**Q** 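First the structure, which I've put down as structure tokens, then a few questions once you've had a look.
Heads up: numbering here begins at 1 and tracks the sequence. The shown structure was predicted, so the numbers you read here are calculated from the model rather than taken from an experiment.
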Amino acid sequence: MSGRARWESETVRPFLERQPELQPEFRTASGIGVDRLYVPDGGGVEHDRDLGYPGEFPFTRGIYPTMYRGRLWTMRQYAGFGTAAETNRRYHYLLDHGQTGLSVAFDLPTQMGYDADAAMAAGEVGRVGVAISSLDDMRTLFDGIPLEDVSVSMTINSTAAILLAFYVALADERGVPRDRLAGTIQNDVLKEYIARGTYIYPVEPSLRLVTDTFAFCADEVPRWNPISISGYHIREAGSTAVQEIAFTFANALEYVARARAVGLDLERFAPRLSFFFAAHNQLFEEVAKFRAARRLWARLMRERFGASDDACRLRFHTQTGGVTLTAQQPLNNVVRVTMQALSAVLGGTQSLHTNAYDEALALPTEESVRLALRTQQVLATESGITETIDPLGGSWFVESLTSQLEAAALALIERVDDLGGAARSIAFFQDEIHQAAYAHQRAVEADEIGVVGVNRFQVVEPAARIEAAAFGELETQQRARLADLRGRRDEALTESTLEGVRQAARGPENLMPPLIEAVRAGATLGEISDVLRAEWGVYRGVAA
């Protein structure tokens, strides 16, 4: 029996019994049949070791046996701005136009653990995401949205446990069983120290919060991904594709090691780890990056931890590159986003966000958001790229790039190992990314790297007209909502539950149950964050 025949009999047929393909057969517009998978005749030892088959270790060609023939990627457009009510309207708009999952952007005060009425929040409420200070806000954010049917991703890190507490408390209130909840909290605090900056607490207690959410989700919310380990923000900060893979996995290995150190069963939490990568402009490098990442993660988990196949699968979300959008000739961004989305799909992503073309200028309009979503839908329904698995597999160029990216990323991971792991390598990460970003910017300014509309093919354009949102009014509304909440809650109960959070922070108790009790009692995100600041202190950066 050939390798392909064995794969189809042992892997695909049982899988098809559980999840059939979307249609009985696939053909080109000319009527030519499209096979599920194309492999070298007879397979061969190198094929089986380095590529394998979809759904089988090392997953280079995809993590599921039928990939998009059985289920398309989740179209998960990132949205959030102003108040919870405004964002809720945008979510309904996106769902009505065919989006299949929600992704929440939070404003900076929410990310940094401040309520909308805090002095530190002044001028920032609702500006880069939605303001969520209380369970009341979470109720409004998901009003009319069935939590049991919609997968929700929340891009939140330092305060991720509190936002998860809001969400679980809302589900409990609605009578939705916790085991029906599906979604992700980003919860990747290490990359905040490295590349993004919305950290609050020192590294060690922050990592304790991460492992507490791992344990809670494994026990209570089994369909929830307790972390989305992000290479996206590392890439947005200026890293190369190699650094994106390497530093993301170095962080991931730290999380796995920390979870095991507190007694968590690898096979219970590792299959729920998810990842988040960027898609940039160099099509073939990006496709190879996704394939190399799948293979490298599988090998790292197998070789370092003895993980099962299920715990070796790299499941990831992709977002097109925000830093690649240009304010000059912004309609060119439609082409960039399409090319980047194409690389993500050819690379086998599990979910995708496509940026709106006008995001380099202001918050995206409904028209530009709809076009971004339609970009994914056209790729899914009209291009034919979903009809066979890993269509660029076997290309000499792509296979060579895949292997070179894997080797270079592994070498960087081993350098981090030598430094003592990711938690002790923050300064190293920062320096490497800064150097890469500086080199890229110098190359653009020297015209060694071309950017259409910026240093190539420029045109004189009228200044863009940007309609500013009434953020001052939004801030006033949020402050009023908080004043109303504080005026009607049971203060004694709220203080009692905050004391429960304080005591849990001092000891080994899992923080998630006290957090849920606190938000039910009306405690706000800022009040809970202040309790943890008082107990743990704040992060002051690494020594120069």
Side-chain angles (χ1 to χ4, degrees), residues 106-114 120 128-129 154-164 184-214 226-240 242-259 261-262 273-278 322-323 409 412-413 415-438 505 511 525 529 532-533 535-544:
F106 297 96
D107 70 357
L108 283 174
T110 303
Q111 294 179 51
M112 297 295 292
Y114 295 108
M120 288 290 290
V128 298
M154 293 189 273
T155 303
I156 195 75
N157 296 282
S158 295
T159 55
I162 302 171
L163 270 298
L164 178 59
T184 304
I185 45 171
Q186 190 162 96
N187 205 19
D188 177 11
V189 73
L190 284 173
K191 70 97 174 45
E192 294 298 325
Y193 302 114
I194 293 163
R196 193 162 172 271
T198 64
Y199 46 74
I200 303 174
Y201 318 111
V203 174
E204 290 303 319
S206 292
L207 288 171
R208 180 260 178 101
L209 268 179
V210 171
T211 56
D212 279 359
T213 58
F214 280 14
I227 195 167
S228 176
I229 306 158
S230 175
Y232 181 85
H233 298 99
I234 291 170
R235 192 69 179 277
E236 289 286 285
S239 81
T240 65
V242 168
Q243 291 169 335
E244 181 185 0
I245 300 171
F247 296 162
T248 303
F249 286 173
N251 288 343
L253 292 169
E254 183 81 45
Y255 294 129
V256 171
R258 294 299 181 113
V262 297
L273 300 178
S274 65
F275 291 79
F276 176 22
F277 291 112
V323 295
L412 260 184
I413 291 169
R415 287 184 66 187
V416 176
D417 292 339
D418 291 341
L419 292 170
R424 296 182 178 180
S425 303
I426 291 170
F428 169 72
F429 289 144
Q430 291 173 339
D431 186 57
E432 290 287 302
I433 294 168
H434 293 165
Q435 289 187 42
Y438 180 68
L511 270 158
L525 174 135
S529 299
L532 298 180
R533 284 187 184 94
E535 292 302 316
W536 294 340
V538 296
Y539 182 71
R540 298 297 185 187
V542 293

**Q** Report yes if some heavy atom in the side chain of Leu190 is under 4.5 Å from a heavy atom in the side chain of Val210; otherwise report no.
**A** no
**Q** Would you check if Val242 and Leu412 make a side-chain contact, meaning some heavy-atom pair closer than 4.5 Å?
**A** yes
**Q** Side chains of Arg208 and Leu511: closer than 4.5 Å at any heavy-atom pair?
**A** yes
**Q** Taking atom CG of Leu207 and atom CG of Asp212, what is their separation to the nearest 0.5 Å?
**A** 11.0 Å
**Q** Closest heavy-atom contact between Ile413 and Ala246?
**A** CG1-O, 3.5 Å
**Q** Please check if atom CZ in Arg533 has more than 12 non-hydrogen atoms from other residues, nucleotides or ligands closer than 6.0 Å.
**A** yes
**Q** Which heavy atom in Thr110 sits nearest to a heavy atom in Ile156, and how many Å separate them?
**A** O-CD1, 4.1 Å
**Q** Evaluate the criterion side chain to side chain contact (heavy atoms under 4.5 Å, CB included) for residue pair Arg415 and Phe428; output intermediate values, then yes/no.
**A** CA-CA 10 Å; Arg415 287 184 66 187; Phe428 169 72; 3.3 Å; yes
**Q** Is there a side-chain contact between Leu209 and Trp536, using heavy atoms and a 4.5 Å cut-off?
**A** yes
**Q** Does any non-hydrogen side-chain atom of Thr198 lie less than 4.5 Å from one of Thr159?
**A** no
**Q** Considering the options Phe429, Tyr232, Phe277, which one meets the ring-ring contact (aromatic ring centres under 6.0 Å, His included) requirement together with Phe247?
**A** Phe429
**Q** Working to the nearest 0.5 angstrom, can you tell me the gap between Arg235 CZ and Thr248 OG1?
**A** 10.5 Å
**Q** I'd like to check Glu432 versus Gln243 (side-chain heavy atoms, cut-off strictly below 4.5 Å). Are they in contact?
**A** yes
**Q** Do you know the tightest heavy-atom contact between Ile227 and Gln186?
**A** CG1-O, 3.2 Å
**Q** Any heavy-atom pair between the side chains of Tyr255 and Thr211 that's under 4.5 Å?
**A** no
**Q** Could you grab the distance from atom OG of Ser228 to atom NZ of Lys191, nearest 0.5 Å is fine?
**A** 8.0 Å
**Q** Please determine if Glu254 and Arg258 form a salt bridge, counting it only when a charged side-chain N lies under 4.0 Å from a carboxylate O.
**A** yes
**Q** If I take atom CD1 from residue Ile229 and atom OG from residue Ser274, how far apart are they, to the nearest 0.5 angstrom?
**A** 7.0 Å
**Q** Kindly give the heavy-atom pair with the smallest separation between Asn187 and Pro226, and that separation in Å.
**A** ND2-O, 2.9 Å
**Q** Looking at every heavy atom in both Ala422 and Val416, which two are closest together, and how far apart are they?
**A** N-CG1, 3.7 Å
**Q** Do the rings of Tyr193 and Tyr199 sit parallel, tilted or perpendicular, given the 30° and 60° boundaries?
**A** parallel
**Q** Closer than 3.5 angstrom, by distance alone: can the side chain of Glu244 be matched with the main-chain N or O of Ala278 as a donor-acceptor pair?
**A** yes
**Q** Just by modelled atom types, is the Asn157 backbone N or O under 3.5 Å from a matching donor or acceptor in the Gln111 side chain?
**A** no
**Q** With rounding to the nearest 0.5 Å, note down the distance linking CG in Asn251 to CD1 in Ile426.
**A** 8.5 Å
**Q** Once you round to the nearest 0.5 Å, how far does CD of Gln435 lie from OG1 of Thr240?
**A** 11.5 Å
**Q** Quick one: does Leu525's side chain get under 4.5 Å of Phe106's, heavy atoms only?
**A** no
**Q** Which heavy-atom pair separates Leu273 from Phe214 by the least distance, and what is that distance?
**A** CD2-CZ, 3.8 Å
**Q** Please state whether the rings of Phe276 and His233 are parallel, tilted or perpendicular, taking 30° and 60° as the class boundaries.
**A** perpendicular
